[in-house]
2 protein chains.
Amino acid sequence: MVTFIFVTIWLPNFMRRDVFQAIADPIRRDIISLLAKEMLTVNAIAENFDISRPAVSKHLKILRECGIITINKQGREQLCQIEPKNLVPAFLWIDQYRELWEQKLDSFEAYLNDLQSKTQENGKNKSNK
Amino acid sequence: MVTFIFVTIWLPNFMRRDVFQAIADPIRRDIISLLAKEMLTVNAIAENFDISRPAVSKHLKILRECGIITINKQGREQLCQIEPKNLVPAFLWIDQYRELWEQKLDSFEAYLNDLQSKTQENGKNKSNK
DNA sequence: TATAAACGTAACCATTTGGTTACACAAATA
DNA sequence: TATTTGTGTAACCAAATGGTTACGTTTATA
């Protein structure tokens with residue numbers, strides 16, 4: 001006899017979180033920008049925003065779950081540090097389309113050049129008339 | 001007499017939408033990836049996903065509002081086209097931290113090299129003993 | 001001309017998000 | 001030792017998100 005057991009796995013939210021979600025929020029992007037300059041405690045980060053400290057704590061939790069920051073306990077303070085390499089996946093994703101937009105921008109420049117040369121030719125014709 | 005008039009401006013949601021929000025959703029990233037290869041109609045895009053066509057329409061609306069795609073009406077079909085240059089702001093934001101992670105990766109490599117050379121020296125010492 | 005196809009959108013729903021206040025607790029300080 | 005400081009988290013809430021079905025409209029086709 002063969003028995004099949006079906007299991008529904010409940011995936012907690014933070015498992016579904018990724019770097020794209022992390023940088024989707026402007027406050028989290030600002031936190032990243034702050035930590036890019038220096039390590040900061042939770043309170044020092046919170047001073048830069050109008051939202052409550054617990055709200056900042058939540059953002060930090062998300063950033064930590066995505067690996068974008070690490071937190072070191074120093075006495076009663078929590079020192080937050082950026083882990084920039086974990087931004088790389090997002091960078092690579094966008095970077096794969098770089099060729100696409102550069103190509104488009106090239107053709108835009110080509111279009112501009114073309115336009116310019118045609119205008120010059122027009123000018124020539126006019127002056128020749 | 002001076003009169004002050006205070007006006008509260010109601011900002012509709014889509015005004016707050018930006019490219020970071022656009023690429024936060026995995027389905028929207030997949031749509032971008034599809035459109036990077038070729039122009040597609042709405043139905044053609046929807047065929048690639050398990051969600052309903054109206055759900056895809058909503059995603060396309062968001063992508064269009066962020067300028068990441070443009071839509072051209074061709075008879076009764078809507079041809080979607082990627083506008084890759086509007087990914088550039090997101091690229092530039094992440095790119096500003098590139099130096100940071102490259103520096104970190106360099107020091108990681110340096111750390112690895114250091115470790116390796118030390119191990120080799122250890123080996124030397126052992127063989128010299 | 002009646003029907004089918006290719007959409008957009010309204011109305012609705014459950015879940016997620018991002019904020020708040022209140023509270024607990026460990027570590028520093030008086 | 002009592003108090004203050006730094007922080008995490010629970011409980012709660014409104015709004016946003018992402019999905020659905022139902023329906024309307026325009027365009028192509030039988």
Side-chain angles (χ1 to χ4, degrees), chain A residues 8-32 34-35 38-66 68-81, chain B residues 8-32 34-35 38-66 68-81:
Chain A
T8 303
I9 298 178
W10 174 75
L11 253 190
N13 287 335
F14 67 83
M15 294 296 294
R16 269 174 274 159
R17 281 201 189 121
D18 58 18
V19 61
F20 292 100
Q21 255 229 330
I23 64 174
D25 186 276
I27 289 200
R28 287 196 289 271
R29 287 201 300 279
D30 286 346
I31 292 176
I32 290 173
L34 284 171
L35 293 178
E38 52 182 337
M39 292 166 67
L40 289 172
T41 65
V42 175
N43 271 342
I45 292 170
E47 277 168 16
N48 293 275
F49 302 97
D50 283 336
I51 60 176
S52 68
R53 191 203 34 83
V56 172
S57 261
K58 279 190 179 184
H59 284 300
L60 292 176
K61 193 178 183 184
I62 292 173
L63 288 172
R64 192 179 34 181
E65 280 165 5
C66 299
I68 293 179
I69 67 169
T70 53
I71 302 187
N72 276 49
K73 193 164 186 173
Q74 304 272 319
R76 62 184 161 183
E77 297 185 332
Q78 302 272 104
L79 252 186
C80 303
Q81 184 178 6
Chain B
T8 303
I9 299 177
W10 174 76
L11 253 190
N13 288 336
F14 65 82
M15 293 296 292
R16 269 173 275 160
R17 281 199 188 122
D18 59 17
V19 60
F20 292 99
Q21 255 229 331
I23 64 174
D25 187 275
I27 289 199
R28 286 197 289 271
R29 287 201 299 278
D30 287 346
I31 291 177
I32 290 173
L34 284 172
L35 292 179
E38 53 182 337
M39 293 166 66
L40 289 172
T41 66
V42 175
N43 271 342
I45 293 171
E47 275 168 17
N48 294 274
F49 302 96
D50 284 335
I51 60 176
S52 69
R53 191 203 34 84
V56 172
S57 263
K58 280 190 178 185
H59 284 301
L60 293 176
K61 193 180 183 182
I62 292 174
L63 288 172
R64 193 179 33 181
E65 281 167 4
C66 299
I68 292 178
I69 67 169
T70 53
I71 303 188
N72 275 49
K73 194 164 184 174
Q74 303 272 319
R76 61 182 162 183
E77 298 185 331
Q78 304 272 107
L79 252 186
C80 304
Q81 184 177 6

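So that the names make sense, note that chain A is the first sequence line, chain B the second, and so on, each numbered from 1.
The side chain of B:Ser52 contributes no N or O atom lying less than 4.0 Å from OP1 or OP2 of D:dT21. Side-chain N/O atoms of A:Asn43 include none lying less than 4.0 angstrom from OP1 or OP2 on D:dT5. Residue A:Gln78 places at least one side-chain N or O closer than 4.0 Å to OP1 or OP2 of D:dG8. Contact annotation: B:His59 reaches the phosphate of D:dG19 (side-chain N/O to OP1 or OP2, under 4.0 Å). Dashed line: the shortest gap from a side-chain N or O of A:Ser57 to OP1 or OP2 of D:dG8 is under 4.0 Å.
At a cut-off of 3.5 angstrom, counting only N and O atoms as typed in the model, there is no donor on one side facing an acceptor on the other between the side-chain of A:Lys61 and the base of D:dG8. One donor-acceptor pair, N or O on each side, does fall under 3.5 Å between the base of D:dT5 and the side chain of A:Arg76.
Residue whose closest nucleotide on DNA chain C sits further toward the 5' end, between A:Lys58 and A:Gln74: A:Lys58.
The CG atom of A:Leu60 sits 10 Å away from the P atom of D:dT7 (whole-angstrom rounding). We find that CZ of B:Phe20 is positioned 18 Å from P of C:dT17, with the value rounded to whole Å. Taking atom CD1 of residue B:Ile71 and atom P of nucleotide C:dC7, one finds them 9 Å apart after rounding to whole Å. Separating the CG atom of B:Leu79 from the P atom of C:dA5 is a distance of 19 Å, rounded to the nearest angstrom. When the P atom of C:dG18 is taken as reference, atom CG of A:Leu63 falls 11 Å away, rounded to whole Å. To the nearest angstrom, P of C:dT20 lies 9 Å from CG of A:Asp50. Look at CD1 on A:Ile69: it is 12 Å from P on D:dT7, rounded to the nearest Å. Atom-to-atom, CG of B:Asn72 to C1' of C:dA6 comes out at 16 Å; the value is rounded to the nearest Å.
Two residues are said to be in side-chain contact when any heavy atoms from C-beta on lie closer than 4.5 Å; A:Val56 and A:Leu60 meet this criterion. Annotation: side chain of A:Ile45 is not in contact with side chain of A:His59 (no heavy-atom distance under 4.5 Å).
Residue A:Gln21 places its side chain closer to C:dT17 than to any other of D:dG6, C:dT17, C:dC7. Taking only side-chain atoms of B:Ala55, from C-beta outward, the nucleotide of D:dT20, C:dA22, D:dT17 with the closest atom is D:dT20. The listed nucleotides are C:dT21, D:dT26, C:dG19; the one nearest the side chain of A:Ile27 is C:dG19. Among C:dG8, D:dT27, D:dG8, the nucleotide with an atom closest to any side-chain atom of B:Arg53 is C:dG8.
Taking CD1 of A:Ile51 as the start and CD1 of A:Ile27 as the end, the distance is 3.5 Å to the nearest 0.5 Å. In this structure, B:Asn43 CG and B:Arg53 CZ are separated by 6.5 Å, a value rounded to the nearest 0.5 Å. To the nearest 0.5 Å, atom CD1 of residue A:Ile69 and atom SG of residue A:Cys80 are 4.5 Å apart.
Residue A:Leu63 is tested with A:Ile31, A:Ile71, A:Asp25, A:Ile23 for a side-chain contact (heavy atoms from CB on, under 4.5 Å); the sole match is A:Ile31.
Residue contacts for B:Arg28: at a heavy-atom cut-off of 4.0 Å it reaches the sugar-phosphate backbone alone, with no base atom in range.
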